[in-house]
2 protein chains.
Amino acid sequence: MNPLTAHIATALKEARELKSLTQRGLSARSGVPQAKISRIEREGADMQITTLISLARALDLEVELVPRKALPALETIVRSTATTWSDPGKRFRDLRQALQNVTTPDIPSTTLEELQSHIRMLANFPPTAEVMAEVKSFTTWLSKAKSPDLATFDRHAREIKRLRNELAHARLPDSPPRPAYSLDDEDDDDA
Amino acid sequence: MNPLTAHIATALKEARELKSLTQRGLSARSGVPQAKISRIEREGADMQITTLISLARALDLEVELVPRKALPALETIVRSTATTWSDPGKRFRDLRQALQNVTTPDIPSTTLEELQSHIRMLANFPPTAEVMAEVKSFTTWLSKAKSPDLATFDRHAREIKRLRNELAHARLPDSPPRPAYSLDDEDDDDA
DNA sequence: AAAATTGATATCTTTTTGAGTATCAAAACA
DNA sequence: TGTTTTGATACTCAAAAAGATATCAATTTT
């Protein structure tokens, strides 16, 4: 990954994923070929600024030149402006509660135990957009479905496992495991 | 001027001028040819992001992708972080005072009168980095030099005139003529 | 007045991106 | 299970930027 552009490449990828867009989806919006988006995201491929601007605009971002001095403040601003989750701990508790009430005999108890272990682990990491979206989606589905079908349940269970593995293998940022979050919710994800 | 890149082109030029760098000076620091810098600044020429990053770094700037939502806050941050001048009105008064005390007979009174008129005009515009730097530099020189030489005096007079003309011909931003400034000084310019 | 600097342009070759397609393995989905 | 979607990668040709110089008019400096 090109060290000069890594920062931007990562920001683009994160912004795309936060918006639940596929590379092809972003391609359609921005006019930039999917192949190029792939190269940019993983290699930090160089590109023209007009291309960067197209991608950024499609993601509701702007390319700005910010004085070094202002960077710490900018970080704070962006964090506070970003879509965050109010009380992620409660969201995790809600999910585990919902799981406790699942009484479908089809679900193997080993699977259920494993799933609960994964959720506990996820709850001990700083919440990401991706994780919280799944937690919310899973909880909603559980509390809504009268008779949860095994297929959907499995899909959620696998997603939770994937997220756990992703976090487990990722390099941890040097921030404490569970910061206090307090900003409001925007509810822009799926059911 | 390319409308897509105009924003960035302008920011680069302003940052360079704020640092009193010539295009060649910036070229030397950034490794980007002077010819290209010229094209970028006036035509908003497209460039690769690695080029933009080189230029930005040489100007103590960083290329950032900022959420649209966070832009107003960013603007505030940048303004408050920028080098500003405490009480620009006082700086203008100091300069005019220093001029009153100039008793060198060599200076034609017409020149002096014209100069004072220009200063009055500049004082009625929102102060720019360039203007305040010159006001400070001129004042310092006047109060230091026992017998001000005409050549240097003329250089300052011409610079003041140039700045006045620049402002007079520039499109005015839609801000009020003399906002209240209150932030502290950084004193990073010459004697 | 002469010398040096500045920003704007021009020219030329090399390197890189852009755009359009196509393919493929892995994962998601039904 | 078979089908679709997703991201990664390959190849082409046309377009554009990079890089290296050089020139020039207008200032600026000495």
Side-chain angles (χ1 to χ4, degrees), chain A residues 1-2 4-5 8-9 12-14 16-17 19-28 30-55 130 133-134 137-138 141 149-163 165-166 190, chain B residues 1-2 4-5 8-9 12-14 16-17 19-28 30-55 130 134 137 141 149-163 165-166 190:
Chain A
M1 170 86 97
N2 183 345
L4 259 187
T5 58
I8 288 168
L12 283 175
K13 179 168 186 174
E14 281 177 359
R16 177 177 65 80
E17 288 177 343
K19 283 195 140 39
S20 309
L21 273 174
T22 65
Q23 290 183 346
R24 281 183 173 84
L26 176 57
S27 171
S30 62
V32 178
Q34 178 264 327
K36 192 164 297 296
I37 295 176
S38 173
R39 285 223 139 72
I40 290 168
E41 286 187 356
R42 61 188 323 277
E43 302 173 18
D46 205 353
M47 71 195 102
Q48 320 216 186
I49 56 170
T50 46
T51 301
L52 177 60
I53 291 172
S54 300
L55 290 173
E130 211 182 359
E134 170 58 21
S137 159
F138 197 178
W141 178 79
D149 65 289
L150 197 55
T152 307
F153 185 90
D154 237 54
R155 182 142 33 89
H156 280 295
R158 262 183 290 128
E159 175 66 1
I160 291 286
K161 184 175 182 178
R162 186 183 72 77
L163 289 168
N165 288 336
E166 210 166 71
D190 54 343
Chain B
M1 170 85 96
N2 183 345
L4 258 186
T5 59
I8 289 168
L12 283 175
K13 179 167 187 175
E14 282 178 358
R16 177 176 66 80
E17 288 177 343
K19 284 194 137 43
S20 310
L21 274 174
T22 66
Q23 290 183 345
R24 279 183 174 80
L26 176 56
S27 172
S30 63
V32 178
Q34 178 263 328
K36 192 164 297 294
I37 295 176
S38 173
R39 285 227 139 70
I40 290 167
E41 286 187 357
R42 51 190 331 276
E43 303 173 18
D46 205 354
M47 71 196 102
Q48 320 215 170
I49 55 171
T50 47
T51 300
L52 177 60
I53 290 172
S54 300
L55 290 173
E130 212 181 359
E134 169 58 22
S137 158
W141 178 79
D149 64 290
L150 198 55
T152 306
F153 185 90
D154 237 55
R155 184 143 32 91
H156 280 295
R158 261 182 291 128
E159 175 66 1
I160 291 285
K161 184 175 183 178
R162 186 185 72 78
L163 289 168
N165 287 338
E166 210 166 71
D190 55 344

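Side-chain atoms are counted along with the backbone in the values below, which use heavy atoms only and exclude waters and symmetry mates. Every chain is numbered from 1, with letters handed out A, B, ... down the list of sequences.
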Open item on the list: It should be established whether Gln48(A) places a side-chain nitrogen or oxygen under 4.0 Å from OP1 or OP2 of nucleotide dT16(C).
Closed with: no
Task: Net bend of the helix from dA1(C)-dT30(D) to dA30(C)-dT1(D), end axes of five pairs each, nearest 10 degrees - done: 50°
Open item on the list: How many whole angstroms separate atom CG of Asp46(B) from atom P of dA17(D)?
Closed with: 5 Å
- [ ] Would you indicate whether the side-chain heavy atoms of Leu55(A) and Ile40(A) approach each other to under 4.5 Å?
- [x] yes
TODO: Specify the separation, in whole Å, of atom CG of Asp154(A) and atom P of dA30(C).
DONE: 15 Å
Task: Spacing of CE belonging to Met47(B) relative to OG1 belonging to Thr5(B), to within rounding of 0.5 Å - done: 6.5 Å
- [ ] Measure the distance from CD1 on Ile53(A) to C1' on dT17(C) and round it to the nearest whole Å.
- [x] 15 Å
Task: Which nucleotide in dA16(D), dT29(D), dA8(C) has an atom nearest any side-chain atom of Arg158(B) - done: dT29(D)
Task: First encountered from the 5' end of DNA chain D, between Gln23(A) and Thr51(B) - done: Gln23(A)
Open item on the list: What is the distance, to the nearest angstrom, from the CZ atom on Arg24(A) to the P atom on dG7(D)?
Closed with: 8 Å
Open item on the list: Contact list please: residues 30-44 of chain B against DNA chain D, heavy atoms, distance less than 4.0 Å, in numerical order.
Closed with: Ala35(B), Lys36(B)
Task: Any Arg16(A) side-chain N or O less than 4.0 Å from OP1/OP2 of dG7(D) - done: yes
Task: Presence of Thr22(A) side-chain N/O under 4.0 Å of dT5(D) phosphate oxygens OP1/OP2 - done: no
Task: Nearest-Å distance for atom pair CD1/P, residues Ile49(B) and dT17(C) - done: 9 Å
Task: OG-CD1 distance between Ser30(A) and Ile53(A), expressed to the nearest 0.5 angstrom - done: 13.0 Å
TODO: Provide the closest heavy-atom pair for Gly44(B) versus Ala9(B) in the form atom of the first, atom of the second, distance.
DONE: CA-CB, 3.9 Å
Open item on the list: Expressed as a whole number of angstroms, how long is the span from Lys161(B):NZ to dT27(D):P?
Closed with: 12 Å
- [ ] Starting at atom NZ of Lys13(A), determine the distance to atom P of dT6(D), rounded to an integer number of angstrom.
- [x] 15 Å
Open item on the list: Measuring only between side-chain heavy atoms, which start at C-beta, is Leu26(A) closer than 4.5 Å to Leu12(A)?
Closed with: no
Open item on the list: Ring-plane angle category for His156(A) and Phe138(A), please: parallel below 30°, perpendicular beyond 60°, tilted otherwise.
Closed with: parallel
Open item on the list: Could you measure the distance from the NZ atom of Lys36(A) to the CD atom of Glu41(A)? Nearest 0.5 Å is fine.
Closed with: 13.0 Å
Open item on the list: For the CD atom of Glu14(A) and the NZ atom of Lys19(A), what is their distance to the nearest 0.5 Å?
Closed with: 13.5 Å
- [ ] Measure from CG on Leu55(B) to C1' on dA17(D) and round the result to the nearest Å.
- [x] 13 Å
Open item on the list: Strictly distance-based, threshold 3.5 Å: is any side-chain N or O of Ser54(A) a donor or acceptor partner for the main-chain N or O of Thr50(A)?
Closed with: yes
